[in-house]
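Worksheet: the structure to be examined is printed underneath.
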Amino acid sequence: MKKSHIVEKLLGDLSRYTPSNKAVTAYAPTNIALVKYWGKRNQELNLPMTSSLSVSLTDKGATTTLSVSAIAQDVFVLNGKPVPTTSVFYQRLLCYLDLFRPFKTFYFNVDIVSTVPIAAGLASSACGFAAMALALDKFFSWQLSSQQLSMLARLGSGSACRSIWPGFVEWHAGEREDGMDSYAEPLSVQWPELCIGLMIVSDKEKTIGSREAMQRTIETSELYKSWPQKVAHDLVILKKAIQEKDFDLLGKTAESNALAMHATMLSAWPPVSYYLPETISAMHRVWQARAEGVPVYFTQDAGPNLKLLFVDKDRARRYFPEIAVMQA
Ligand code: 2P0
């Protein structure tokens, strides 16, 4: 099934909608998964093998402004700089926007301002496509529900479906082939004391993108067979931890889930490793801090950097003075 079919299911006849004659703006936060999304059951529609659960960051995200281009060309600007038309990012954005513009009767002017630290392994595509879906809703006056916008954001990037909301968000994997039951929803619990500390061990380009890495893992990793069961178990525990504000249980579950995800990659062939020697050293520092009684845990995504989880900011900073602290 093509993305355009899903767009048609959600929006019906696209010729009913006309672009706004004014500029529209939307913001979406980036999110950090505590139970990870790793592996797709459908690559075209970004349908995941399992559900996942994330927390959005309060002040890191993307603000996207859309208007009709004054020239006969799409213009994409990221943090004040034009995006080269030959870049992967430009092409990915263009493919996405073309879903909503089957006939090129106008051109887009897209201005994205991102507060996500570049090259730090924070998902910029998540907040980017979520902000884009929200901006498009205003631009065409679709008036879609958040659930529908979550599905549209997913078509751009899987994890973007979680960035439609602040706070804790669960992405339901769904079972349908068309993915109409695969969207994210917020949990009702707030936990403002929860902090994420970004621990950058390297800002080098990653060697393999997460799309390719997750596909290779599915196809070749023996350990991946146990991943759905691990996720199902961790989701139950994590939701309990969030409900009861049990920080140690949250930290332990998130750290164990991230380690298990990386174990599935290590057992792929050729192996996928986002670990650098510095990543391992950083993990040992976290384990040492815990051994000394400091409640701090980590999670790691498709990159070498760690995200530390803690509630006591001052104590965590004393052990890890270099981290950038972000509020969940
Ligand atoms: C996550 N990651 O749950 C996991 C953990 C990376 C590791 O979501 O192919 O950029 O666009 O659906 O969403 C990264 O994957 O991938 C990701 P696509 P996406 O946050």
Side-chain angles (χ1 to χ4, degrees), residues 3 6 28-57 60-62 88-89 91-93 95-96 114 116 120-133 150-164 168-174 179 182-184 196 198 206-218 221 224 227-228 230-231 234-235 238 253-266 268 272-275 279 298-307 309 328:
K3 282 181 184 163
I6 307 304
T30 194
N31 72 75
I32 308 282
L34 301 174
V35 169
K36 308 291 187 190
Y37 149 52
W38 195 250
K40 302 181 199 207
R41 61 185 168 90
N42 180 318
Q43 292 182 71
E44 163 76 13
L45 302 179
N46 293 331
L47 295 177
M49 294 291 277
T50 71
S51 296
S52 55
L53 204 157
S54 63
V55 62
S56 291
L57 300 181
K60 295 278 175 286
V88 175
F89 179 54
Q91 293 308 321
R92 205 166 148 193
L93 220 50
C95 284
Y96 188 70
S114 172
V116 175
L122 284 183
S124 50
S125 67
C127 55
F129 280 102
M132 186 61 84
S150 176
M151 287 191 271
L152 275 191
R154 167 173 50 77
L155 297 181
S157 183
S159 53
C161 78
R162 299 187 306 233
S163 274
I164 295 290
F168 294 105
V169 179
E170 182 175 8
W171 174 9
H172 306 289
S182 185
Y183 51 82
I196 314 262
L198 183 56
K206 50 185 166 189
T207 46
I208 175 170
S210 60
R211 280 196 175 176
E212 192 187 337
M214 55 174 95
Q215 199 50 33
R216 191 190 298 172
T217 305
I218 285 198
S221 164
Y224 189 80
W227 174 247
K230 167 74 178 158
V231 169
D234 285 349
L235 278 173
L238 184 65
T253 310
E255 187 173 306
S256 157
N257 186 268
L259 288 165
M261 176 182 74
H262 285 276
T264 68
M265 297 180 218
L266 289 171
V272 176
S273 171
Y274 288 109
Y275 293 149
T279 313
F298 66 80
T299 185
Q300 182 190 356
D301 292 301
N305 302 316
L306 298 187
K307 287 109 186 185
L309 303 165

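Residue numbers run from 1 in the order of the sequence given. The analysis underlying the following values was restricted to heavy atoms, covering all of them including side chains, and did not include hydrogens, waters or symmetry mates. Counting starts at 1 for both ligands and their atoms, following the listed order.
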Do R154 and N46 get their side chains close enough for a donor-acceptor pair, meaning under 3.5 Å? no

Assess, by modelled atom type and distance only, whether the side chains of S163 and N31 contain a donor and an acceptor separated by less than 3.5 Å. yes

Close residues (non-hydrogen atom under 4.0 angstrom from ligand 1) work out to A33, K36, Y37, W38, K40, N46, R92, S125, S157, G158, S159, R162, S210, R211, M214, M261, D301, A302

Donor-acceptor side-chain pairing of R162 and S52 below 3.5 angstrom: yes

Are side-chain heavy atoms of L34 and F168 found at a separation under 4.5 Å? yes

Side chains of S54 and K36: any donor to acceptor distance under 3.5 Å? no

Any side-chain donor paired with an acceptor under 3.5 Å for S256 and K230? yes

